[in-house]
Amino acid sequence: MRAQITSTEPFLSGDLQPPPDKSISHRGLLLALLAEGTSRLDNLSSALDVAATGSMVELFGASLETEGSVTLVESPGIAGLREPDGVLDLGNSGTGVRLGIGVATLVHGVSVFTGDDSLRRRPMGRVISPLQELGASIWGRGGDGMLPVAVRGGGLRSGVVHLRVASAQLKSALLFAALGVDGPVSIVEPTLSRPHTEELFALTEVGFDEDVEEQDGSHRVTVSGPTRPSPFSFRIPGDPSAAAFFVVAASCVPGAVLTVEDLYLGPTRAGFLEILAQMGADLVLGDGQVTVQGGSLEGSEIGGRIIPSLIDEIPILSVAAAMADGVTTIRDASELRVKETNRIETTAGFLRAFGVEVMTLPDGLVIHGGLRPGSLRGNRRRVMANLDHRIAMSAAVLGLLAGGVTEIDGVETVATSYPAFFSDLDRLSSATIHLDGAAKP
Ligand code: S3P
């Protein structure tokens with residue numbers, strides 16, 4: 001599907017209710033699978049990535065039912081997990097597949113995982129090796145490095161695993177696997193990654209200990225199994241990574257006013273707000289609320305320990321950098337190279353389609369800003385989304401801000417995280433949007 005965004009005088013105003021958080025939705029479903037009984041998830045994400053995790057949860061033996069805004073998950077719990085009678089296809093979802101591999105170590109029998117063209121290119125060794133270190137039986141294509149992957153459940157022992165990168169996906173896969181181990185499993189990551197699994201553990205009466213190493217700031221979390229989560233009720237808050245597209249858009253347009261409600265604002269997800277404030281954005285934070293008044297931004301330095309808390313927001317922060325005065329340098333973000341696409345290259349690619357001067361680094365980008373709102377209104381350009389939802393949405397926002405006509409191919413990928421993105425953009429902004437040449441969404 002192709003989107004065409006036409007913009008002359010960029011403007012944005014109104015209230016945004018962002019979609020439910022994707023990271024928390026995946027974990028809610030998986031933890032509900034591991035809890036014997038019925039759990040209630042209110043406001044579960046309708047993104048395709050989360051739907052793929054829902055199908056996996058059903059193949060592992062739970063049943064899902066929707067009652068209004070609530071998803072009821074009825075499960076036999078860890079002891080009753082079923083060997084899937086089909087291949088678990090997680091589509092585009094790195095989180096779904098990596099967490100699923102951890103859960104599969106709790107299942108008697110063999111679970112087989114695959115995904116779409118993007119996911120089959122992404123590294124799986126980073127989740128397979130630490131689980132193998134604990135004794136798991138896992139095989140994957142390319143020397144246990146890629147999908148398809150097969151897991152034979154059982155056989156894990158207690159131990160300490162050191163992760164090279166701060167990754168919530170790897171930590172969570174290990175935390176789920178640890179529930180079935182006889183004895184403690186500790187996971188040490190260089191800095192705290194998003195702690196949504198731990199937050200949900202607290203609701204399901206799964207005990208864990210955490211400590212931070214004073215010398216190097218590394219973070220350790222320990223679960224002592226075997227342990228059985230209890231069923232729970234939980235309402236999923238709004239997704240900051242989705243809201244970021246509109247927060248950045250509003251920050252760059254003088255006179256714009258946007259209020260975002262019902263947001264998850266934990267520190268491990270709010271790094272983009274800190275950087276926008278550093279760039280001069282006018283942001284007021286309340287309880288789950290952000291109000292943005294548009295103005296002008298200045299380039300900034302982004303790097304170091306803040307990176308894990310904004311890794312998914314780098315493509316849209318790069319849009320802010322293109323619209324800002326001066327140069328923005330992004331470092332310490334080599335993880336971008338192993339996302340849905342190589343986001344160092346694909347971010348540079350869509351910025352260049354707008355004439356922005358960009359240099360790529362092994363671990364980041366140098367972006368020369370200075371684009372003015374609406375200054376490219378006489379121009380056209382074309383961008384390929386390449387199975388990367390965040391590249392498609394970032395390019396659409398830059399299309400609104402820079403002006404002119406922006407064609408983006410492959411925008412169906414947006415539904416993996418934010419199905420209502422184009423209708424929200426249409427409602428909140430002055431851009432005219434055509435999907436596949438058809439009328440407004
Ligand atoms: C996620 C963790 C991050 C993030 C991804 C979602 C999660 O990946 O980029 O979009 O829900 O655990 P890493 O764990 O690889 O850092």
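Note that ligands are numbered from 1 as they come in the structure, with each ligand's atoms numbered from 1 the same way.
Of all the heavy atoms of K339, the ones lying under 4.0 Å from any atom of ligand 1 belong exclusively to the side chain.
Annotation: E345, atom CD; neighbour count of heavy atoms from other residues, nucleotides and ligands within 6.0 Å is above 12.
Of the protein's non-hydrogen atoms, S23 OG, 2.7 Å is the one closest to atom 11 (O) of ligand 1. If you check which protein heavy atom lies closest to atom 6 (C) of ligand 1, you get T95 OG1, 3.3 Å. The protein heavy-atom contact nearest to atom 4 (C) of ligand 1 is D312 OD2, 3.3 Å. Counting only heavy atoms of the protein, atom 13 (P) of ligand 1 lies nearest to S167 OG, 3.4 Å.
In summary, of the residues considered (R122, R390, R121), a salt bridge (Lys or Arg N to Asp or Glu O under 4.0 Å) with E340 occurs for R122 alone.
Across every non-hydrogen atom of V160 and E133, the tightest pair is O-OE1, 4.3 Å. Closest approach of I236 and N43 over heavy atoms only: O-ND2, 2.7 Å.
The aromatic rings of F421 and F246 lie tilted to each other, with the angle between the two planes from 30° to 60°. Ring geometry for F201 versus F208: interplanar angle of 30 to 60°, hence tilted.
The residue among R27, H26, K22 with a heavy atom at the shortest distance from atom 7 (C) of ligand 1 is R27.
Interface of A168 with ligand 1, defined as ligand atoms under 4.0 Å from a residue heavy atom, comprises 12 (O), 14 (O). Interface atoms of ligand 1 facing I311, defined by a heavy-atom separation under 4.0 Å, are 9 (O).
Using a 4.0 Å cut-off between charged nitrogen and carboxylate oxygen, E412 and R2 do not count as a salt-bridge pair.
Distances between N or O atoms of R390 and those of ligand 1 include no value under 3.5 Å.
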